[in-house]
Amino acid sequence: MASSLIRLLLPWRQPKPHHLFPFSLNPTKTSFLFHLRRCQASTSSPKRLILTQDERSKGSLSTEREAIVGSGTIAAIVTSLGGGPAAVGIVRISGPTAVAVAGQVFRPVKRWKEEGGCVAWRPKSHFVEYGYVLDNDGNVIDEVLAVPMLAPRSYTREDVVELQCHGNDVCLHRVLRACLEAGATLAEPGEFTLRAFLNGRLDLSQAENIARLISAKSAAAADSALAGIQGGFSSLVKSLKIQCIELLTELEARLDFEDELPPLCLPSLIDKISVMQHDLQDALDTANYDKLLQSGLQIAIIGRPNVGKSSLLNAWSKSERAIVTEIAGTTRDLVEANVSIHGIPATLLDTAGIRETDDIVEKIGVKRSEAAALAADVIIMAISAVDGWSERDAKLIEHIVTSQKSANQAMAAPIIAPMILVINKDDCKPKDLLVSFEEICSGLFKKVVRTCALTGAGISELEKAVLEVRGLEPIPSAGRKWTVNQRQFEQLLRAQEAFFRLHTSIEEQLPMDFWTIDLREAALALGQISGDDISEEVLTSIFSKFCIGK
Amino acid sequence: MASATPRLLSFLFTPLRLTYPIHAIRTSHRSRTLSFLSFNLRRPNGRLRTVSSFASNGTNGMERMGQKDEERYDVIVVGGGHAGCEAALASARLGARTLLLTLNLDRIAWQPCNPAVGGPAKSQLVHEVDALGGEIGKMADRCYLQKRVLNLSKGPAVRALRAQTDKREYAMEMKKVVESNSNLFIREAMVTEVLIGKNDNIQGVRTFFGMDFFAPSVVLTTGTFMSGKIWVGRASMPAGRAGESASLGLTENLQSLGFETDRLKTGTPARVDCRSVDFSGLEPQYGDEEVSWFSFDPECHIEREQMCCYLTRTTSETHKLIRDNLNETPTYGGWVDAKGPRYCPSIEDKIVRFRDKESHQIFLEPEGRTVPELYVQGFSTGLPERLQLALLRTLPGLENCVMLRPAYAVEYDFLPAYQCSRSLMTKKIEGLFFSGQINGTTGYEEAAAQGIISGINAARHSEGKPVIVLERESSYIGTLIDDLVTKDLREPYRMLTSRSEHRLLLRADNADSRLTPLGREIGLIDDRRWDLYQSKQLRIKEEKERLKNVRVSGGEFAAEVATVSGQPVRDHTTLESILKKPHVQYKLLDKHGFGNENLSKCEKDCVEIDIKYAGFIMRQQSHLQQIVNQEHKRLPEDLDYYSMTTLSHESREKLSKVRPQTIGQASRIGGVSPADITALLIWVESNRRKANQRTQQELLRSGATDNHMAASSPTDSVVQATAI
């Protein structure tokens with residue numbers, strides 16, 4: 001009896017996560033039969049699912065196919081962000097191509113020396129390796145420990161590689177970006193856990209938590225729509241998508257209704273495509289994100305001598321980076337200090353007090369101060385509450401503004417970094433003066449903050465002000481805003497890749513239909529957050545734009 | 001994934017044959033979930049061959065036995081249009097005794113609108129139907145008046161063949177084919193009722209004159225006939241097409257069974273007498289010199305003389321006449337709400353919506369070699385008949401034309417196709433299939449595509465075999481059906497290339513290598529066709545090998561390749577890499593004696609496409625593979641979407657209405673967001689596990705009580721556990 005019972009139970013003793021079984025596109029006899037069985041088993045009415053099986057392309061693809069099974073490879077920073085520097089941060093990559101992705105960015109030190117790093121990385125599961133993460137150009141981004149955990153012995157039951165980086169946010173973001181560029185997609189909130197669950201790694205009680213998390217995702221999606229305010233990124237992505245759809249409309253209308261439409265003006269279409277490609281490139285280049293990741297925010301603290309700029313820097317960075325004395329003109333060169341403002345890396349630049357001077361050294365310092373102000377993302381103009389707003393302050397700021405304008409004239413869009421007025425030495429100010437000069441300079445400055453460098457009062461308000469003027473709202477928890485930005489970045493990146501391919505197709509003079517493939521992919525990439533139906537959109541657009549119908 | 005999974009699994013691990021006798025003893029009628037087994041029981045001897053042989057076996061119609069007005073078949077197809085013919089032929093060819101019921105025997109496979117087959121996307125459907133063993137491609141090849149390949153230079157996936165056909169000849173030829181099949185019986189009848197059995201299964205149909213026909217599979221292909229009503233101007237009459245009566249009563253019957261019906265509208269332009277048209281000033285449109293074919297069967301490739309189409313244009317007079325009489329048109333006069341399809345707007349629509357356009361193209365297409373009728377393409381109108389002739393006479397060349405038939409619109413009932421699964425069987429009534437315009441489509445090709453699938457499945461169902469589903473990614477047919485069963489239709493559905501996401505893989509040239517093996521497996525491809533197919537594939541394969549290995553250096557050939565492609569040709573280049581260069585076609589190889597004379601033109605095309613676009617094709621294929629992995633996860637049919645609190649309200653509603661079969665389908669339903677899909681995945685997975693646990697426990701218990709049986713015969717206990 002016992003043996004018969006075992007026989008009964010065996011089929012589900014080892015429950016296979018059956019939906020994860022890779023479908024074979026060209027099923028051999030056996031796999032097809034197996035497939036058939038599963039389908040019959042999974043519904044009450046027997047069904048046979050017929051997949052594309054083009055006999056002509058049989059065989060040629062088998063190796064490639066095996067590499068791409070399952071539902072994509074995802075990556076994300078799994079340690080908390082924005083909570084100040086930690087010793088270690090982890091980027092986790094999970095999915096069928098996790099090892100390949102990691103292999104692209106990670107170079108074990110040992111092998112690098114031995115073989116020049118050109119052999120594919122073949123990690124041993126659960127063996128830590130020490131090495132470097134490189135970016136696209138082969139520059140070292142960070143020193144890391146790679147922990148490969150191959151399927152099924154991992155959190156998600158897929159191949160997982162964890163890269164243990166330095167706990168610095170900048171490092172982590174760079175490593176993550178390298179992974180995305182190597183072909184991973186950014187994980188949705190909770191996606192690792194979701195996969196762990198779907199792959200049978202977690203138990204039922206955990207399912208509800210994930211479900212809740214995922215339904216919160218809708219709210220996050222709404223948030224991300226609102227996030228268009230920050231840097232205009234979302235709206236940019238949207239407008240790029242609309243342009244894609246328009247191009248698709250032009251092309252596809254001709255495919256479906258050839259003899260009813262005027263022939264396509266190819267040169268103008270190609271122009272449009274290259275303009276779009278350019279826009280996309282610009283978007284990527286000027287992306288806040290990019291800049292922030294590479295260098296963080298540059299914040300220049302300027303002002304007349306002896307208003308407490310250096311004290312402010314020290315108080316803000318909680319260090320003694322700058323020398324502080326009572327003597328005006330103590331700071332002569334730029335002094336840098338790194339801080340993290342709610343998870344966003346920032347570099348504070350303390351500058352020499354700007355004044356007319358005959359001292360050669362100080363003169364150079366003043367010039368440097370002006371240059372620093374020009375390059376900064378945010379300018380903090382410090383004044384002393386004791387002196388209040390003076391003529392010299394007005395002159396100084398005017399000087400900065402005009403030089404900024406002239407420097408930017410060469411560029412298409414003159415950009416003036418937002419300015420914040422900091423009234424330092426707040427503890428010893430004469431109160432009555434305050435209201436009037438706040439009114440005077442409200443046009444120039446986006447924010448006015450009162451601080452006291454000695455006590456550290458007002459620093460957190462100042463941080464908030466910095467984020468606000470740059471359109472970066474503080475990150476509420478676990479870096480969600482970052483996720484939004486990163487996602488949009490990823491979309492742009494995918495769209496850009498598609499455009500590169502499109503460009504090649506045009507160059508190689510491939511027929512028009514091939515252009516639609518990459519345009520569609522670009523449109524899809526750009527439209528991903530909303531998950532829109534591209535086909536329907538294109539059709540609607542065709543019918544509204546062209547007079548169709550023989 | 002359903003709760004039934006482990007139970008059914010256990011079935012599959014048990015030799016099925018052993019279970020028959022046990023079933024036969026324990027249960028005479030079983031639930032629908034086990035229906036695929038019970039079919040074998042109902043008719044253990046396989047198919048019916050004669051009426052009498054059923055009479056001796058049958059029990060269902062006992063009380064009616066002996067009456068003459070009763071006939072039994074394996075499959076009944078209602079409607080003799082393009083869906084009906086294809087369905088009836090497929091079914092009969094699979095050996096099912098098939099009855100085709102039609103309102104008018106003389107209108108079989110009639111082309112009531114434009115007598116043309118093919119065009120972008122539609123031609124792919126025709127090739128695919130042919131690859132499966134259908135008829136429409138052969139018909140079009142046999143009866144063409146003119147053939148043209150469209151989109152010739154726009155890429156292999158959108159290249160499309162279109163044929164003008166001889167309307168009369170087409171109908172007559174198809175009738176001959178239908179009549180010549182010994183398994184296929186044809187009868188004139190108006191079906192007013194479907195007969196339903198105890199288990200919500202179809203039993204047959206009842207006609208207006210009181211005949212009952214019985215079959216375990218019924219295919220409805222009612223076209224525009226169900227409660228059809230035609231309009232010319234403000235005047236209307238009940239009719240399925242001009243001059244043919246509508247089919248009344250069936251809609252109400254289907255509604256009473258719980259089906260949801262809705263109405264669609266379409267139309268057809270006027271016909272003029274070609275003898276009254278002055279073609280001298282019109283731009284002629286000739287057919288291709290080198291004719292292409294729909295069918296993969298070379299037996300049908302018989303060239304014939306082609307006829308010419310002509311191009312004329314609307315004039316300012318046309319536009320003025322329409323603007324002056326806008327209130328006489330249904331839409332702008334305001335007595336009809338329904339707008340026509342967007343891809344086929346009436347001439348008044350075009351003029352109102354595209355004011356800036358001074359003129360619109362109008363095509364004059366012959367309807368046959370022996371009839372004087374000319375089809376006025378692009379000139380649909382809702383204007384009253386008295387204005388139609390005046391309107392036609394504003395067109396250059398038609399100044400003195402005689403109108404033979406007025407333009408009219410037709411309104412008809414359809415059943416939103418979310419009520420069907422992708423096998424085209426209705427979800428409500430087992431064994432009832434819908435195909436063609438009843439599902440909200442338009443076009444002969446769309447109808448034929450659905451027809452062949454429903455015909456195959458009706459025959460398989462009557463035989464107790466599992467039904468066939470074509471995945472969206474496999475074909476245009478799959479895409480068409482997937483769209484139908486998931487999307488909300490606001491206009492008759494027409495296949496368009498833009499609807500196919502993976503069209504690079506779904507080309508006309510590879511329709512056979514995609515679908516003919518399936519057609520063979522199903523049983524619609526005979527030995528001759530199969531041999532032809534296999535030798536073709538072999539030739540292509542060998543040619544590709546040859547091109548890979550033959551190398552050329554210098555000479556005239558290399559020089560011409562260099563000029564054509566604008567790229568230098570290195571020494572010892574393979575023919576393969578030469579073919580990959582831009583603008584280099586196989587023809588060029590032929591020209592310089594590097595071609596292979598054993599290959600036909602279309603085989604050379606195949607070779608060229610496979611080589612030239614290999615990179616693209618491969619990328620698309622791996623892309624598709626990813627999608628397949630993600631989207632083909634199945635959803636249980638009995639999910640209670642309303643109880644899933646993690647879904648948005650809108651998607652709960654939509655999902656319960658459409659009841660998608662896979663995750664991919666769910667994601668294509670409008671209003672279902674990606675977050676909903678994730679929530680759905682979680683729900684399904686957790687339910688599957690809960691169910692697993694439950695059955696495991698149940699089995700432990702039942703195993704304990706039945707231990708004596710288990711000890712003696714393990715298969716017995718499996719059967720019992722599953723039959724509870």
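In what follows, every chain begins at residue 1, and chains take the letters A, B, ... in the order their sequences are listed.
For H502(B), no part sits under 4.5 Å from any heavy atom of chain A, backbone or side chain. Of the atoms belonging to Q620(B), it is side-chain heavy atoms, and not backbone ones, that fall under 4.5 Å from chain A. Proximity to chain A (any heavy atom under 4.5 Å) is shown, for K154(B), by both the backbone and the side chain. Contacts between L251(A) and chain B at a heavy-atom distance below 4.5 Å are absent for every atom of the residue. Residue I517(A) touches chain B through its side chain alone, counting heavy-atom pairs closer than 4.5 Å.
The heavy-atom pair separating L496(B) from D256(A) by the smallest distance is CB-OD2, 3.4 Å. Across all non-hydrogen atoms, the minimal contact from E252(A) to S498(B) is OE1-CB, 2.6 Å. The shortest non-hydrogen separation linking F514(A) to G155(B) is CE1-CA, 4.3 Å. The heavy-atom pair separating P511(A) from S153(B) by the smallest distance is CB-O, 3.5 Å. Contact between L255(A) and N151(B) at its shortest, heavy atoms only, is O-ND2, 2.7 Å.
Aromatic ring centres of Y343(B) and F257(A) lie farther apart than the 6.0 Å criterion allows.
Checked for salt-bridge contact, D513(A) and R159(B) miss the test: no charged N lies under 4.0 Å from a carboxylate O. Using a 4.0 Å cut-off between a side-chain N of Lys or Arg and a carboxylate O of Asp or Glu, R619(B) and E521(A) qualify as a salt bridge.
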